[in-house]
Number of protein chains: 2
Amino acid sequence: MTIRVEGMMRDSQDTWLPQPDLDEVDIGEVLQALADPVRLQIVRLLAAAGEGSCTSLDVPVKRSTVSHHLRTLRESGVVATRLVGNTRLSRLRTAELEERFPGLLVSILAATPRARQLVG
Amino acid sequence: MTIRVEGMMRDSQDTWLPQPDLDEVDIGEVLQALADPVRLQIVRLLAAAGEGSCTSLDVPVKRSTVSHHLRTLRESGVVATRLVGNTRLSRLRTAELEERFPGLLVSILAATPRARQLVG
DNA sequence: ACCGTCGTACGATGCTCATCGTACATGACG
DNA sequence: CGTCATGTACGATGAGCATCGTACGACGGT
């Protein structure tokens with residue numbers, strides 16, 4: 001069951017920050033969100049760690065900037081943010097993104113940063 | 001057979017503007033190229049028409065701006081430009097992009113502009 | 001109650017870049 | 001050879017935005 005309270009959402013035990021319905025999200029906004037190098041790094045870190053907060057993410061910018069990037073990613077539908085105590089844990093909306101834009105996130109995460117590595 | 005002359009390339013009958021090897025292209029640059037709404041529209045038009053020139057593409061910007069966008073798309077590895085007479089015909093590097101970033105271009109082109117259409 | 005941590009809001013700043021107008025080189029056409 | 005179209009280079013301009021510092025509210029631990 002899911003109820004809305006003041007723009008937020010409560011799902012079982014967790015409270016989530018408001019997030020857009022992916023059906024109403026344009027791929028242009030998603031691409032614009034993923035275009036920034038810091039945000040792309042955040043997406044990669046979230047894909048590897050599962051969850052991440054404003055201070056736990058290892059990116060070369062200040063906390064307030066990370067907060068701004070996580071807000072951008074959330075408003076574009078890329079991540080969902082869960083409130084636990086005093087911290088906010090964000091995670092990729094992997095399944096929903098795969099349903100709305102099949103192959104997009106997978107191809108981005110699978111892509112090596114630059115040239116392909118020659119192994120063996 | 002392919003030879004390089006002054007940065008350009010000659011392939012059978014056609015001469016092509018210099019373009020990067022996709023193995024040396026970072027996905028961040030590609031995403032940044034596709035993030036602009038006009039360039040995304042150009043990509044969609046090229047996917048539909050196969051080829052397009054600076055004046056044939058129906059976008060709401062001036063010719064010099066279209067030229068700038070096509071240059072950006074070419075330098076990021078998204079399109080290839082062929083010289084024929086006085087015009088330059090650009091096309092998507094569909095096959096090469098699919099090999100380098102599997103599923104990326106497909107997912108972008110398959111995505112509807114906003115919400116999914118309910119058919120039937 | 002006190003203090004440290006966490007995240008955000010806000011204003012300021014500086015840089016990137018999309019856009020345009022213009023000028024110019026090139027090729028097609030008569 | 002003159003004329004027109006095509007595309008690009010270049011400079012100017014304006015807007016968007018990434019970044020930071022600071023202040024503030026909320027929560028947890030002691």
Side-chain angles (χ1 to χ4, degrees), chain A residues 5-8 13-19 26 28-43 45-46 51-76 78-91, chain B residues 5-8 13-19 26 28-43 45-46 51-76 78-91:
Chain A
V5 180
E6 294 286 341
M8 301 197 186
Q13 296 289 355
D14 297 334
T15 308
W16 300 77
L17 289 183
Q19 56 186 10
D26 186 82
E29 307 173 20
V30 177
L31 290 175
Q32 213 159 5
L34 298 174
D36 183 81
V38 176
R39 284 195 290 264
L40 187 58
Q41 186 177 354
I42 291 178
V43 168
L45 291 174
L46 291 180
E51 273 182 338
S53 69
C54 210
T55 53
S56 72
L57 290 170
D58 186 26
V59 285
V61 288
K62 297 301 178 185
R63 289 181 301 276
S64 56
T65 307
V66 181
S67 175
H68 164 63
H69 284 316
L70 285 176
R71 177 196 182 101
T72 301
L73 288 172
R74 173 167 39 87
E75 291 180 348
S76 67
V78 178
V79 305
T81 303
R82 180 173 118 251
L83 281 76
V84 43
N86 203 12
T87 69
R88 287 150 169 76
L89 292 179
S90 300
R91 62 176 62 172
Chain B
V5 180
E6 293 285 339
M8 301 198 186
Q13 296 289 354
D14 297 334
T15 308
W16 299 77
L17 289 184
Q19 56 185 11
D26 186 82
E29 307 173 19
V30 177
L31 290 175
Q32 215 160 3
L34 298 173
D36 184 82
V38 176
R39 284 196 288 266
L40 187 58
Q41 186 176 355
I42 291 178
V43 168
L45 291 174
L46 291 180
E51 272 182 339
S53 69
C54 211
T55 53
S56 73
L57 291 169
D58 186 26
V59 285
V61 288
K62 297 300 178 185
R63 289 179 300 277
S64 56
T65 307
V66 182
S67 176
H68 164 63
H69 284 317
L70 284 176
R71 178 195 181 104
T72 302
L73 288 172
R74 172 166 40 86
E75 290 179 348
S76 65
V78 178
V79 304
T81 304
R82 178 173 118 252
L83 281 76
V84 43
N86 202 11
T87 71
R88 287 148 168 79
L89 293 179
S90 299
R91 62 177 63 173

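Quick note on labels: first sequence line is chain A, next is B, and so on, each numbered from 1. Just so it is clear, the structure is predicted and the values come from calculations on it, not from any experiment. All values below were derived from every heavy atom in this structure, side-chain atoms included, with hydrogens, water molecules and symmetry-related copies excluded.
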Can you tell me how far apart [atom1] ([X]) and [atom2] ([Y]) are? Round to the nearest 0.5 Å.
X       : Y       : atom1 : atom2 : answer
B:Ser56 : B:Leu46 : OG    : CG    : 8.0 Å
B:Gln41 : B:Asp36 : CD    : CG    : 10.0 Å
A:Ile42 : A:Cys54 : CD1   : SG    : 8.0 Å

Within the structure provided, determine whether A:Arg91 and A:Val79 are in side-chain contact (heavy-atom separation under 4.5 Å).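 Not touching, per the 4.5 Å side-chain cut-off.
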
Within a strict 4.5 Å, meaning less than it, do heavy atoms of the A:Leu73 and A:Val43 side chains meet?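 Counting from C-beta outward, A:Leu73 and A:Val43 do come under 4.5 Å.
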
Tell me, with the steps shown, if A:Leu89 and A:Thr81 meet side chain to side chain contact (heavy atoms under 4.5 Å, CB included). CA-CA 5 Å; A:Leu89 292 179; A:Thr81 303; over 6 Å; no

Using a 3.5 Å distance criterion without hydrogens, assess whether the side chain of A:Ser76 forms a donor-acceptor pair with backbone atoms of A:Thr72. yes

Please give, in whole Å, the distance from [N] [atom2] to [X] [atom1]?
X       : N      : atom1 : atom2 : result
B:Arg82 : D:dG7  : CZ    : P     : 13 Å
B:Leu57 : D:dT6  : CG    : P     : 13 Å
A:Leu83 : C:dT5  : CG    : C1'   : 16 Å
B:Gln41 : C:dA18 : CD    : C1'   : 15 Å

Can you pull out the residues from residues 31-39 of chain A that lie within a 4.0 Å heavy-atom distance of DNA chain C? none

Which residues within residues 58-76 of chain A lie with some heavy atom under 4.0 Å of an atom in DNA chain C?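 Result for residues 58-76 of chain A: A:Ser64, A:Ser67, A:Arg71, sorted by number.
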
End-to-end axis angle, where each axis spans five pairs of the helix from C:dA1-D:dT30 to C:dG30-D:dC1, to 10°: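 One end's axis against the other's: 30°.
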
Heavy-atom closest contact (B:Gly28 atom, A:Leu40 atom, distance):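 Nearest heavy atoms, B:Gly28 then A:Leu40: CA-CD2, 4.1 Å.
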
Hey, does the side chain of A:Ser53 come within less than 4.0 Å of C:dC6's phosphate (OP1/OP2), counting only N and O?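 Answer no for this pair, as no side-chain N or O of A:Ser53 is under 4.0 Å from OP1 or OP2.
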
Give a yes/no answer on whether the side chain of B:Thr87 brings an N or O atom under 4.0 Å of OP1 or OP2 in D:dA5.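 No, B:Thr87 has no side-chain N/O under 4.0 Å of OP1/OP2 on D:dA5.
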
According to salt bridge (charged side-chain N to carboxylate O under 4.0 Å, His left out), who are the partners of A:Arg82, at least two apart in sequence or on a separate chain? A:Asp14, A:Glu51

N/O to N/O distances under 3.5 Å, protein versus nucleotides 26-30 of chain D:
residue : atom : partner : partner atom : Å
D:dA26  : N3   : A:Asn86 : ND2          : 3.3
D:dC27  : O2   : A:Asn86 : ND2          : 3.4

Please tabulate, for side-chain N and O atoms in residues 57-71 of chain A, each donor-acceptor pair with protein atoms closer than 3.5 Å (sequence neighbours left out).
residue : atom : partner : partner atom : Å
A:His69 : ND1  : A:Arg39 : NH1          : 3.1
A:Arg71 : NE   : A:Glu75 : OE2          : 3.1
A:Arg71 : NH2  : A:Glu75 : OE2          : 3.4

